[in-house]
Amino acid sequence: MANVEQQEGTVQVQGQGLFFREARPGSGQTARFSVLLLHGIRFSSETWQNLGTLHRLAQAGYRAVAIDLPGLGHSKEVPAPAPVGELAPGSFLAAVVEALQLGPPVVISPSLSGMYSLPFLMAPGSQLRGYVPVAPICTDKINAADYAGVKTPALIVYGNQDPMGHTSFEHLKQMPNHQVLVLKEAGHPCYLDKPEEWHTGLLDFLQGLA
């Protein structure tokens, strides 16, 4: 596909400056829709840049935006809206989506970022086109009835060598509209262990949402 435009910067979210990286289709092409990429505790938006995910998504026609979560990466000075491991208010990601003008995005949520994405997913009238949880934390803090009420299409991703992935799947599979991508011989950050399988599975899922 055609060239890709990339930028990085800071966006004001609830009075704080959050760092982000963005890739989108170049040559004045209109993006199909937006994909918001979150990250785990040892990672940042740079993970998605180095792995090539931002570039691959933009090449495929999507606007891909990765943020550095509060207290991490280039957003290290930003206070987190909840302690690590506790559910953050769904209003936080809603404010991120609004500030970046993402429209209803697909949210990719590994590990730590589950504390942000799950409340956003569960919020009444949540504006989400799709949800891609990758062994997120906090899945045990959502009840079965709330999972059953999720209408959003989901792609549940985990590595077959990741105990947390198996545990989170047992909760996430209660979402009625889900598909599963198990990456073989992959650990907790399974997208790093099997990048080609990750990108292929992700792009297939996004294509199905178009």
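One is the number of the first residue; the rest follow in order along the sequence. Small disclaimer: the values here were computed from a predicted structure and weren't measured.
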Stepwise salt bridge (charged side-chain N to carboxylate O under 4.0 Å, His left out) test for Glu196 and Lys194: CA-CA 6 Å; Glu196 205 48 52; Lys194 295 287 180 177; over 6 Å; no
What are the two closest non-hydrogen atoms of [X] and [Y], and how far apart are they?
X: Leu181; Y: Gly201; answer: CD2-CA, 4.0 Å
X: Leu18; Y: Ser75; answer: CD2-OG, 3.5 Å
X: Met115; Y: Val84; answer: SD-CA, 3.9 Å
X: Phe120; Y: Gly90; answer: CD1-O, 3.7 Å
X: Gly114; Y: Leu87; answer: O-CD2, 4.5 Å
X: Cys190; Y: Val134; answer: SG-CG1, 3.6 Å

Got a donor-acceptor contact below 3.5 angstrom from the [X] side chain to the [Y] backbone?
X: Asp68; Y: His74; answer: yes
X: His178; Y: Met175; answer: yes
X: Ser168; Y: Met164; answer: yes
X: Glu170; Y: Thr167; answer: no

Matching residue for Val4 among Gln59, Gln29, Arg56 - test: side chain to side chain contact (heavy atoms under 4.5 Å, CB included): Gln59
Passing option when Val65 is tested against Gln101, Glu22, Arg24 for side chain to side chain contact (heavy atoms under 4.5 Å, CB included): Glu22
Crowding at CD, Gln6 (>12 non-hydrogen neighbours, <6.0 Å): yes
Return the set of residues passing salt bridge (charged side-chain N to carboxylate O under 4.0 Å, His left out) with [X] (not counting sequence neighbours), or none when no residue passes.
X: Glu185; result: none
X: Glu77; result: none
X: Glu46; result: none
X: Glu8; result: Arg21

For [X], all residues meeting side-chain contact (heavy atoms from CB on, under 4.5 Å), sequence neighbours excluded:
X: Leu51; value: Trp48, Thr53, Tyr191, Leu192, Pro195, Trp198, His199
X: Lys76; value: none
X: Pro89; value: Pro81, Ser91

Is there a side-chain contact between [X] and [Y], using heavy atoms and a 4.5 Å cut-off?
X: Phe92; Y: Val13; result: yes
X: Pro153; Y: Leu209; result: yes
X: Ser44; Y: Leu72; result: no

Ring pair (Phe, Tyr, Trp, His ring centres under 6.0 Å) partners for Phe43, two or more places apart: none
Between atom [atom1] of [X] and atom [atom2] of [Y], what is the distance when rounded to the nearest 0.5 Å?
X: Arg63; Y: Leu54; atom1: CZ; atom2: CG; result: 12.0 Å
X: Tyr131; Y: Leu36; atom1: OH; atom2: CG; result: 11.5 Å
X: Leu57; Y: Leu37; atom1: CG; atom2: CG; result: 6.0 Å
X: Gln179; Y: Asp204; atom1: CD; atom2: CG; result: 9.0 Å
X: Leu206; Y: Leu155; atom1: CG; atom2: CG; result: 8.5 Å
X: Leu38; Y: Leu69; atom1: CG; atom2: CG; result: 5.5 Å

Under 3.5 Å side-chain donor-acceptor pair for Ser45 and His39: no
Short side-chain donor-acceptor distance under 3.5 Å, Asn3 and Ser27: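 Asn3 and Ser27 do have a side-chain donor-acceptor pair below 3.5 Å.
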Once side chain to side chain donor-acceptor pair (under 3.5 Å) is applied, do any residues pair with [X], and if so which ones, sequence neighbours excluded?
X: Tyr62; value: Arg32
X: Gln12; value: none
X: Gln49; value: none

Result of checking Ser117, Ser109, Ser111 against Ser113 for side chain to side chain donor-acceptor pair (under 3.5 Å): Ser109
Cluster check Val150, Leu172: I/L/V/M/F/W/Y, side chain < 4.5 angstrom: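 As far as the 4.5 Å side-chain criterion goes, Leu172 and Val150 are connected within one cluster.
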Joint hydrophobic cluster, Leu202 plus Leu183, side-chain heavy atoms closer than 4.5 Å: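 As far as the 4.5 Å side-chain criterion goes, Leu183 and Leu202 are connected within one cluster.
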Donor-acceptor pairs under 3.5 Å, side chain of residues 136-148 to any protein atom, not counting sequence neighbours: which ones?
from, atom 1, to, atom 2, distance (Å)
Asn143, OD1, Ala145, N, 3.2
Asn143, OD1, Asp146, N, 2.8
Tyr147, OH, Thr139, O, 2.7

From CA spacing to verdict: side-chain contact (heavy atoms from CB on, under 4.5 Å), Val182, Tyr158: CA-CA 5 Å; Val182 180; Tyr158 64 96; 3.7 Å; yes
